[in-house]
Amino acid sequence: MRKTFCFGGSRVAKRMSERAPMADGCVFCDIARRASTSTTALLYSDDKVVAFRDINPSAFRHYLVIPVEHIPTVNSLQRITYDHQLVSHLVKVGKDLLNQDAPNSEEHRFGFHQPPFNSVDHLHLHCLALPFIPSWRHIKYTPLGPFGGFIEAEKILERIKPESEVYS
């Protein structure tokens with residue numbers, strides 16, 4: 001069976017209705033479930049997330065941390081405790097990996113590409129230990145304001161902070 005990369009970031013996500021434990025043909029779901037067809041070495045795994053090296057690194061160290069559950073994009077995240085805790089966990093795992101592997105890096109950056117700029121329709125946190133290699137790659141990881149592009153993890157956490165925590 002031919003594996004796809006779940007392209008289609010330009011489609012508007014249907015939020016929770018698109019979520020699934022695993023999606024057929026999703027290369028990241030295969031990595032998360034450790035399918036026999038996946039040769040990706042995991043740097044970290046638990047029951048919620050897995051982490052691995054990006055196959056086309058843009059920085060000195062470039063890791064991806066993905067949820068085991070198939071969540072298409074950042075647009076699928078909602079202002080609920082579960083989503084907020086999941087993204088917080090993605091960030092913590094990414095920070096721990098970079099602090100362990102690249103403690104002397106000039107800067108660490110954590111974030112997501114928003115549709116239509118995401119390359120794979122499975123939520124994935126980019127964890128970058130700078131400098132960018134080559135330096136022009138910084139363009140891919142620059143927020144584009146109202147046009148989307150890259151959004152830092154902290155901005156997503158603010159956006160999906162549960163209502164009960166916003167007013168406390």
Side-chain angles (χ1 to χ4, degrees), residues 3-10 13 22-23 25-35 37-77 83-145 147-160:
K3 295 296 175 194
T4 64
F5 283 86
C6 297
F7 289 107
S10 62
M22 298 287 168
C26 174
V27 68
F28 282 2
C29 284
D30 285 351
I31 292 169
R33 71 174 164 228
R34 298 162 192 84
T37 56
S38 175
T39 59
T40 302
L42 299 183
L43 302 172
Y44 176 89
S45 69
D46 64 27
D47 61 328
K48 299 271 186 223
V49 305
V50 298
F52 51 93
R53 287 179 175 80
D54 192 294
I55 62 169
N56 189 17
S58 294
F60 168 65
R61 293 287 183 274
H62 187 167
Y63 303 143
L64 300 178
V65 184
I66 66 170
V68 171
E69 174 188 10
H70 183 84
I71 300 171
T73 72
V74 292
N75 291 345
S76 304
L77 297 170
D83 285 0
H84 194 268
Q85 288 175 344
L86 178 64
V87 173
S88 295
H89 185 52
L90 293 169
V91 172
K92 181 188 181 319
V93 168
K95 284 182 178 180
D96 289 349
L97 285 170
L98 289 183
N99 285 334
Q100 170 188 323
D101 196 33
N104 298 324
S105 174
E106 63 186 51
E107 181 184 348
H108 293 168
R109 190 169 295 173
F110 303 91
F112 305 88
H113 285 107
Q114 301 175 90
F117 299 96
N118 58 309
S119 60
V120 178
D121 273 349
H122 186 122
L123 186 68
H124 53 284
L125 174 69
H126 290 269
C127 307
L128 303 140
L130 304 184
F132 287 105
I133 300 171
S135 61
W136 61 264
R137 290 256 180 125
H138 78 279
I139 296 166
K140 285 178 60 176
Y141 303 93
T142 301
L144 300 175
F147 302 109
F150 191 75
I151 185 166
E152 293 176 354
E154 292 303 319
K155 297 266 189 221
I156 288 292
L157 285 168
E158 288 172 26
R159 182 191 300 171
I160 65 170

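Remember, it's a predicted structure, so these values are computed and weren't measured experimentally. For the numbers below, each heavy atom of this structure counts, side chains included, while hydrogens, waters and symmetry mates do not.
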Could you tabulate the donor-acceptor pairs under 3.5 Å formed by side-chain atoms of residues 90-99, not counting sequence neighbours?
from  : atom 1 : to    : atom 2 : distance (Å)
Lys92 : NZ     : Asp96 : OD2    : 2.6
Asn99 : ND2    : Lys95 : O      : 3.2

request  = Would you check if Asn75 and Pro115 make a side-chain contact, meaning some heavy-atom pair closer than 4.5 Å?
outcome  = yes
message = If you compare all heavy atoms of Phe28 against all heavy atoms of Ile66, which two are closest, and at what distance to 0.1 Å?
response = O-CD1, 3.4 Å
ask   = Say you draw a straight line from CD of Glu154 to OG of Ser88; how long is it, rounded to the nearest 0.5 Å?
value = 8.0 Å
request  = Using the salt bridge (charged side-chain N to carboxylate O under 4.0 Å, His left out) rule, collect all pairs that involve residues 133-143, keeping only residues at least two apart or in two chains.
outcome  = none
ask   = Roughly how far, to the nearest 0.5 Å, is CG of Asp83 from CZ of Arg159?
value = 12.0 Å
Distance (rounded to the nearest 0.5 Å) between Ile139 CD1 and Ser58 OG = 11.0 Å
task = Over all heavy atoms of both residues, which pair between His124 and Ser119 is shortest? Give the atoms and the distance, please.
result = NE2-OG, 4.3 Å
message = On a heavy-atom basis, which atom in Ile71 and which in Pro67 lie closest, and how many Å separate them?
response = CD1-CG, 4.3 Å
query = Listed by chain and number, what are the side chain to side chain donor-acceptor pair (under 3.5 Å) partners of His89, not counting sequence neighbours?
reply = Asp46
query = Is there a side-chain contact between Cys127 and Val65 (heavy atoms, below 4.5 Å)?
reply = yes
note = OG1 of Thr37 to CG of Asp30, rounded to nearest 0.5 Å, is 4.5 Å
request  = Any pair with a residue in residues 52-62 that passes salt bridge (charged side-chain N to carboxylate O under 4.0 Å, His left out), sequence neighbours left out, goes on the list, sorted by first then second residue, please.
outcome  = Arg61-Asp101
request  = Could you pull out the closest heavy-atom pair between Ser105 and Ala129, with the gap in Å?
outcome  = OG-C, 3.4 Å
message = Let me confirm one number: the CD1-CG distance from Ile151 to Asn118, rounded to the nearest 0.5 Å.
response = 12.5 Å
note = Tightest non-hydrogen contact, residues Val68 and Ala32, listed as CA-CB, 3.9 Å
task = Could you go through the side chain to side chain contact (heavy atoms under 4.5 Å, CB included) check for Leu157 and His84 one step at a time?
result = CA-CA 6 Å; Leu157 285 168; His84 194 268; 3.8 Å; yes
ask   = Can you list the residues that meet the salt bridge (Lys or Arg N to Asp or Glu O under 4.0 Å) rule with Glu106, with sequence neighbours excluded?
value = none
note = For residues 95-115, the ring-ring contact (aromatic ring centres under 6.0 Å, His included) pairs (sequence neighbours left out) are His113-His126, His113-Tyr141, His113-Phe150
key: Leu86 side chain near Val49 side chain, heavy-atom distance below 4.5 Å   = yes
query = Who passes side chain to side chain contact (heavy atoms under 4.5 Å, CB included) against Gln100, sequence neighbours left out?
reply = none
message = Leu42: which residues meet the side chain to side chain contact (heavy atoms under 4.5 Å, CB included) condition with it, sequence neighbours left out?
response = Ile31, Arg34, Ser45, Val50, Phe52
